[in-house]
Protein chains: 2
Amino acid sequence: MALEHAILVSLLEKPGSGYELARRFERSIGYFWTATHQQIYRVLKRMEGDGMLAVREVAQQGRPDKKEYSVAAPGSAALSRWLHEPIEPESMRHDLAVKIRGAAFDDPAALIREVERHHAVHSGRLAHYLAGERRDFTGPDAPVPLDQGRELQHVVLRGGIAYERMTIAWLDDVLATLHRLGGPPPA
Amino acid sequence: MALEHAILVSLLEKPGSGYELARRFERSIGYFWTATHQQIYRVLKRMEGDGMLAVREVAQQGRPDKKEYSVAAPGSAALSRWLHEPIEPESMRHDLAVKIRGAAFDDPAALIREVERHHAVHSGRLAHYLAGERRDFTGPDAPVPLDQGRELQHVVLRGGIAYERMTIAWLDDVLATLHRLGGPPPA
DNA sequence: TCTTTCTATGCAACTCGTTGCATAGACAAG
DNA sequence: CTTGTCTATGCAACGAGTTGCATAGAAAGA
């Protein structure tokens with residue numbers, strides 16, 4: 001149940017509304033965790049009920065009111081407890097790999113377009129992560145020296161970058177294999 | 001809902017019982033998909049009801065009877081349809097990254113042991129994958145030339161290997177960062 | 001003016017996935 | 001003879017995650 005903990009971390013970094021959290025989960029947090037607004041609102045409500053979060057109604061101009069959540073003491077305590085527990089190393093869920101093995105019972109060449117599409121998406125993500133890294137960590141506007149929190153954010157981002165680079169290289173390998181099986185590759 | 005499709009692929013590669021599928025999901029299929037036996041039995045039952053799979057009761061000696069499942073025509077058709085549909089590129093779910101960012105609000109040095117544990121698990125998996133690769137694809141006992149299905153299995157395994165190597169390198173980076181933060185006292 | 005887009009929150013229904021428990025035959029070790 | 005392990009299947013309950021729908025104020029553009 002790491003969504004709770006991801007929300008706690010994000011709200012400790014900066015308090016915000018469900019809507020703002022959902023946007024963060026599309027951006028920086030989304031580098032390593034995803035969640036829809038439905039999930040987030042539901043969990044926020046439960047965590048508020050459990051006393052882990054504090055809420056504050058904030059009136060805005062030119063926008064609907066929002067509920068700004070921040071972490072209460074029991075929330076910090078719960079996060080701290082979780083940080084000291086061991087967790088299971090990740091297991092993968094890679095739909096595309098299922099498709100690739102399934103292609104043996106269909107037409108492998110028909111997968112090429114799909115793999116190219118994934119390649120493009122991952123290339124886009126990599127560019128996005130690299131832009132974020134320059135903006136926040138390695139560019140001329142980045143604070144020097146970085147504080148502890150930023151160092152940790154940076155090493156997580158480097159993980160996302162490494163993941164995308166690895167994935168792109170593997171998709172190149174997959175494409176070469178599919179071309180080899182389907183005939184000579186196009187120039 | 002790719003578990004269905006992963007099961008179809010696995011049963012096309014070789015018919016088997018729920019128990020056998022569960023073991024495959026701990027091994028080769030587990031390189032890119034995980035499932036518990038509960039999930040598998042439940043989905044097998046549903047797929048049988050939908051006419052996607054055929055069952056055969058097999059009596060065994062020295063062991064309980066088993067139900068051997070194989071793919072029926074509607075199952076192949078469903079898999080083929082799915083193979084021609086586009087799917088969403090993966091999104092990550094990385095608990096450890098949540099912990100790393102959370103460590104900014106706790107003691108980063110306390111995470112070192114946990115990260116080392118993950119490092120050991122991933123190193124073990126890498127060794128296991130490499131052994132499998134030598135056994136099935138690159139070793140002296142591997143058939144030459146490989147058929148289409150094996151080529152595709154190999155490229156998926158190469159993906160698993162690339163993933164583990166990338167992860168291990170990143171965990172080294174994480175450890176170096178944690179040591180750096182815990183080593184020199186803050187100014 | 002009308003439509004679309006963005007901010008902001010939420011319900012209902014459903015499927016997916018995990019955890020704990022239960023059963024049962026065969027075999028091996030103590 | 002009891003305990004533990006391996007094969008083999010399954011139920012029940014719960015929590016996690018997805019999809020579709022609904023509402024509503026404000027701004028921007030056709």
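Computed from a predicted structure; not experimentally measured. Every chain is numbered from 1 and lettered A, B, ... according to where its sequence line falls, protein lines coming before strand lines.
Rounded to whole angstrom, the span from the CZ atom of B:R63 across to the C1' atom of D:dA8 amounts to 10 Å. As rounded to whole Å, 11 Å separates atom C1' of D:dA16 from atom CD of A:E4. A straight line from CD of A:E90 to C1' of C:dT18 spans 16 Å, rounded to a whole angstrom. Rounded to an integer number of Å, the gap from CD of A:E88 to C1' of C:dT18 is 12 Å. The distance between atom CD1 of A:I40 and atom P of C:dA8, rounded to the nearest whole Å, is 14 Å. Remark: P of D:dG25 and CG of A:D65 are 11 Å apart, rounded to the nearest angstrom. Nucleotide D:dA16 holds its P atom 14 Å from the CG atom of A:L44, rounded to whole Å. When the C1' atom of D:dA26 is taken as reference, atom NZ of A:K66 falls 16 Å away, rounded to whole Å.
The ring-ring contact (aromatic ring centres under 6.0 Å, His included) contacts involving residues 4-30 of chain B comprise B:H5-B:W82, where partners must be two or more places apart or lie in separate chains.
Contact between the side-chain N/O atoms of B:Q39 and the OP1/OP2 oxygens of C:dC16 is not found at any separation under 4.0 Å. Phosphate proximity of D:dT7 to B:Y19: present, with a side-chain N or O under 4.0 Å from OP1 or OP2. In terms of phosphate contacts, A:R46 brings a side-chain nitrogen or oxygen within less than 4.0 Å of OP1 or OP2 of D:dA16. In this model, the phosphate group of D:dT7 is approached by a side-chain N or O of B:R23 to a distance below 4.0 Å at OP1 or OP2. For D:dT19, the OP1/OP2 oxygens have no side-chain nitrogen or oxygen of A:T36 closer than 4.0 Å. Note on A:Y41: a side-chain N or O is less than 4.0 Å away from OP1 or OP2 of C:dT9.
Note that CH2 of A:W33 is 13.5 Å distant from CZ of B:R101, once rounded to the nearest 0.5 Å.
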Given B:T177 and A:R158, is the side chain to side chain donor-acceptor pair (under 3.5 Å) satisfied, shown in steps?
CA-CA 11 Å; B:T177 302; A:R158 288 200 298 273; 3.2 Å; yes
Kindly indicate, with the supporting measurements, whether the criterion salt bridge (charged side-chain N to carboxylate O under 4.0 Å, His left out) is fulfilled by A:R24 and A:E13.
CA-CA 11 Å; A:R24 290 185 213 172; A:E13 288 176 354; 6.0 Å; no
Kindly determine whether B:K67 and B:E48 satisfy salt bridge (charged side-chain N to carboxylate O under 4.0 Å, His left out), including the steps that lead there.
CA-CA 11 Å; B:K67 296 183 186 172; B:E48 188 205 335; 5.8 Å; no
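Scanning for side-chain hydrogen bond (donor to acceptor under 3.5 Å, both in side chains) contacts around B:S80 gives A:D106, with sequence neighbours left out.
A:S70 has its side chain out of reach of A:R56: every pair of non-hydrogen atoms, C-beta onward, lies at least 4.5 Å apart.
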For nucleotides 11-13 of chain D, print each protein N/O atom paired with a nucleotide N/O atom at under 3.5 Å, atom names and distance only.
from   : atom 1 : to    : atom 2 : distance (Å)
D:dC11 : N4     : B:Q38 : OE1    : 2.3

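Nucleotides of DNA chain D nearest to A:P64 and B:S17 differ in position, and the one nearer the 5' end is that of B:S17.
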